[in-house]
Amino acid sequence: MNIVTDAKSQLTPEANLLAAHPAATGILTIDLDAIIANWRKLEKTAVPAECAAVVKANAYGCGAEQVSRALAKAGCKTFFVATVEEAAAVRAAVPQATVYALGGFFQQTGDAYAKIDCKPVIGDLNELAEWDVFCRRSGWSGGAAIHIDTGMNRLGLTVSEAQGIIPRINAGDHGITLVMSHLASAELLNNPANAKQLASFREIASLFTGVPASLANSSGVFLGAQFQFEMVRPGCALYGVNPTPEADNPMQQVVDLKARIVQIRNIDRGETVGYGGTWTARRPTRLAIVAAGYADGYFRAASANDGTRGAEVMVAGKRCPIAGRVSMDLIAVDVTDLDKNAVRRGHMVTLIGEGITVDEVAHHFGTIGYEVLTSLGRRFVRIYKGGDAVAVSDTVAEKSEPAAAQAAPPVLPSAAPAAPPSLPTATPAAPPPLPSA
């Protein structure tokens, strides 16, 4: 075995940029224009329903503030997050938007909801009672959504519980601004569960007089107009994951992930690579050692062994297979078939992009695109292009900032957050009591 050195190699512009970010191991580029195009396609598919955007989990790893700001400028008015903390980040980016938090309501979090004017998605009678108490005591009238379970068996009032609060809805001044449910199998076009959930939701939603209804997630948007109601709530499709896995992906790819080659190694036939020695060279082999691993969200399941081919990456414009096990910080890639001058220490390898989709990577990981995107680590420097993004440049990178600060995502111009809504001093009349059933 020998190590190949190359002191005179010329680095690509991306590699030079990465060199200016010593705390980063790779570059994750997020195309805001592609996200906007995906939202517009979903919006057009769902007309006349409103097209909201799910930006939970830091916009599926793509940056909630940057994504929300870009989508709001494109016309998106409603955003969904998981927690009130996530809602605060979105509110700071889009002061005029409607923001819902899917994670439910606890009375002790009421002040946090009111401060940023975030609407909780309520899926339990206890939550509804606590929300009522908070609103009555504080005077806050920001509204909330009601989540009804129609088959997911995860969150949501049962249909019978939802029926029990209909008298309250019909009494007026109820504060419910949306009634919603969630499809469990929308990506499976002919799954009978879809029709069953649709029928159940249509029946109960019709009883919420004057309240907009929402059922469709990303895949649900493509099930047809009957699933779209007054609002659709796409998430993964915005970020390029295929919402129609039984057909070609209608969405544009959003992320491009590159990592740096830190070493080139030559090994002899019969030598093994990586932990456990599970991959054996069948010929004299040239390896590129890449600075990414499962600590960065590139899963160990993508490994290769003597009996199984693992994932592939793009090196110098060509697909090359992983050799051996993916480790915490490093991947070995077989580049034997490439010209020796085509790949050198310091060059970049594409892990996602150049034809390697998020869904392909997810297949090798044994998971779904959602998990791939939300797992991509913070050791990658994040660069935004399109929209109103201020792309990181060599000039920005050369500023004498601490390494930890340099590794953070580029800061976009931010709008001033909305002022907390003032709470009236008068106590409003108590809402109608909840049914005891």
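Index from 1, following the sequence. Excluded from the calculations below are hydrogen atoms, water molecules and symmetry mates; all remaining heavy atoms, backbone and side chain alike, are included.
- A 4.5 Å side-chain heavy-atom check between Leu178 and Tyr100 finds at least one atom pair inside the cut-off.
- We find the CG-OG1 distance between Asn305 and Thr280 to be 9.5 Å, quoted to the nearest 0.5 Å.
- A side-chain donor-acceptor contact under 3.5 Å links Asn249 to the backbone of Gly240.
- Contact record, Gly369 with Val358: CA-CG1, 3.7 Å, taken as the closest heavy-atom pair.
- Note that CZ of Arg344 is 6.0 Å distant from NE2 of His347, once rounded to the nearest 0.5 Å.
- Rounding to the nearest 0.5 Å places CD of Glu86 at 8.0 Å from CG of Asn58.
- Side-chain N or O atoms of Lys77 include none that pairs as donor or acceptor with a backbone N or O of Ala52 at under 3.5 Å.
- Leu32 and Gly387 get closest at one heavy-atom pair: CB-N, 4.1 Å.
- Judged purely by atom type and a 3.5 angstrom limit, Ser218 uses its side chain to pair as donor or acceptor with the backbone of Gly235.
- Closest approach of Cys320 to Val335, counting heavy atoms only: SG-CG1, 4.2 Å.
- Partners of Phe299 under the ring pair (Phe, Tyr, Trp, His ring centres under 6.0 Å) rule, at least two apart in sequence or in another chain, are Phe365.
- Listed for the Arg91 side chain is a donor-acceptor partner under 3.5 Å among the backbone atoms of Ala97.
- Using a distance-only test at 3.5 Å, with no hydrogens or angles considered, a donor-acceptor pair links the side chain of Asn194 to the main chain of Leu188.
- The environment of CG in Asp248 is sparse: at most 12 heavy-atom neighbours from other residues, nucleotides or ligands sit within 6.0 Å.
- The environment of Glu203 atom CD is sparse: at most 12 non-hydrogen atoms of other residues, nucleotides or ligands sit within 6.0 angstrom.
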- prompt: Can you check side-chain hydrogen bond (donor to acceptor under 3.5 Å, both in side chains) on Asp334 and Thr336, steps first, answer last?
  reply: CA-CA 6 Å; Asp334 184 349; Thr336 310; 2.6 Å; yes
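- Counting only heavy atoms from C-beta outward, the side chains of Ile261 and Val343 approach each other to under 4.5 Å.
- Using a 4.5 Å cut-off on side-chain heavy atoms (C-beta onward), Ile146 and Met180 make no contact.
- With 3.5 Å as the limit, one finds no donor-acceptor pair spanning the side chains of Ser200 and Thr150.
- Summarising the local packing, NZ of Lys56 is surrounded by 12 or fewer heavy atoms from other residues, nucleotides or ligands at distances under 6.0 Å.
- Using a distance-only test at 3.5 Å, with no hydrogens or angles considered, no donor-acceptor pair links the side chain of Glu371 to the main chain of Ile368.
- Nearest heavy atom pair, residue Val241 against residue Met251, reads O-CG, 4.0 Å.
- Between Phe134 and Tyr113, the distance from one ring center to the other does not fall under 6.0 angstrom.
- In this structure, the side chains of Val273 and Leu287 come closer than 4.5 Å at one or more pairs of heavy atoms.
- Atom-to-atom distance recorded for Cys76:SG and Glu43:CD is 8.5 Å, nearest 0.5 angstrom.
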Going through the checks in order, is the side-chain contact (heavy atoms from CB on, under 4.5 Å) test met by Met348 and Ile27?
CA-CA 9 Å; Met348 304 297 287; Ile27 298 172; 4.2 Å; yes
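- We find the OG-CG distance between Ser375 and Asp296 to be 11.0 Å, quoted to the nearest 0.5 Å.
- Judged by distance alone, with hydrogens and angles left aside, the side-chain atoms of Asp31 form no donor-acceptor pair with the main-chain N or O of Val254 at under 3.5 Å.
- Put simply, the side chain of Glu130 gets close to the backbone of Gln107: a donor and an acceptor are under 3.5 Å apart.
- Taking the salt bridge (Lys or Arg N to Asp or Glu O under 4.0 Å) definition, one finds that Asp329 meets it with Arg379, sequence neighbours left out.
- When atom types are taken as modelled, the side chain of Ser185 and the backbone of Ala193 share no donor-acceptor pair closer than 3.5 angstrom.
- Inter-residue side-chain proximity for Lys258 and Val349 is flagged as unmet; no heavy-atom pair is nearer than 4.5 Å.
- Here the CZ atom belonging to Phe208 is positioned 4.0 Å from the CD1 atom belonging to Ile148, to the nearest 0.5 angstrom.
- Proximity of Thr244 to Ser219: side-chain heavy atoms (C-beta onward) are nowhere separated by under 4.5 Å.
- Contact detail for His182 and Gln197: the closest heavy-atom pair is O-NE2, 2.9 Å.
- Residues satisfying the salt bridge (Lys or Arg N to Asp or Glu O under 4.0 Å) test with Glu312, not counting sequence neighbours, are Arg309, Arg319.
- Side-chain contact between Leu207 and Ile204 is present, with heavy atoms from C-beta onward closer than 4.5 Å.
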Apply the test salt bridge (charged side-chain N to carboxylate O under 4.0 Å, His left out) to residues Arg283 and Asp337: give CA-CA distance (whole Å), side-chain angles for both, the deciding distance (0.1 Å), then the verdict. CA-CA 11 Å; Arg283 59 179 177 174; Asp337 292 333; 2.9 Å; yes
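- No side-chain heavy atom of Ser214 sits less than 4.5 Å from a side-chain heavy atom of Phe229.
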* To do: Could you please spell out the steps behind the side-chain hydrogen bond (donor to acceptor under 3.5 Å, both in side chains) verdict for Glu50 and Thr78?
  => CA-CA 9 Å; Glu50 178 187 352; Thr78 303; 2.6 Å; yes
Candidate pair Leu183 and Phe227, rule side-chain contact (heavy atoms from CB on, under 4.5 Å), full reasoning:
CA-CA 10 Å; Leu183 293 165; Phe227 284 85; 4.0 Å; yes
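- Here the shortest heavy-atom pairing between Ala259 and Ala292 reads CB-CB, 4.0 Å.
- Using a distance-only test at 3.5 Å, with no hydrogens or angles considered, no donor-acceptor pair links the side chain of Thr109 to the main chain of Phe105.
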* Go through Val372 and Thr367 one step at a time and tell me if the side-chain contact (heavy atoms from CB on, under 4.5 Å) criterion holds. => CA-CA 8 Å; Val372 174; Thr367 185; 4.3 Å; yes
Subject >> Intermediate values then yes/no, side-chain contact (heavy atoms from CB on, under 4.5 Å), Phe79 and Val54 >> reply: CA-CA 6 Å; Phe79 296 86; Val54 180; over 6 Å; no
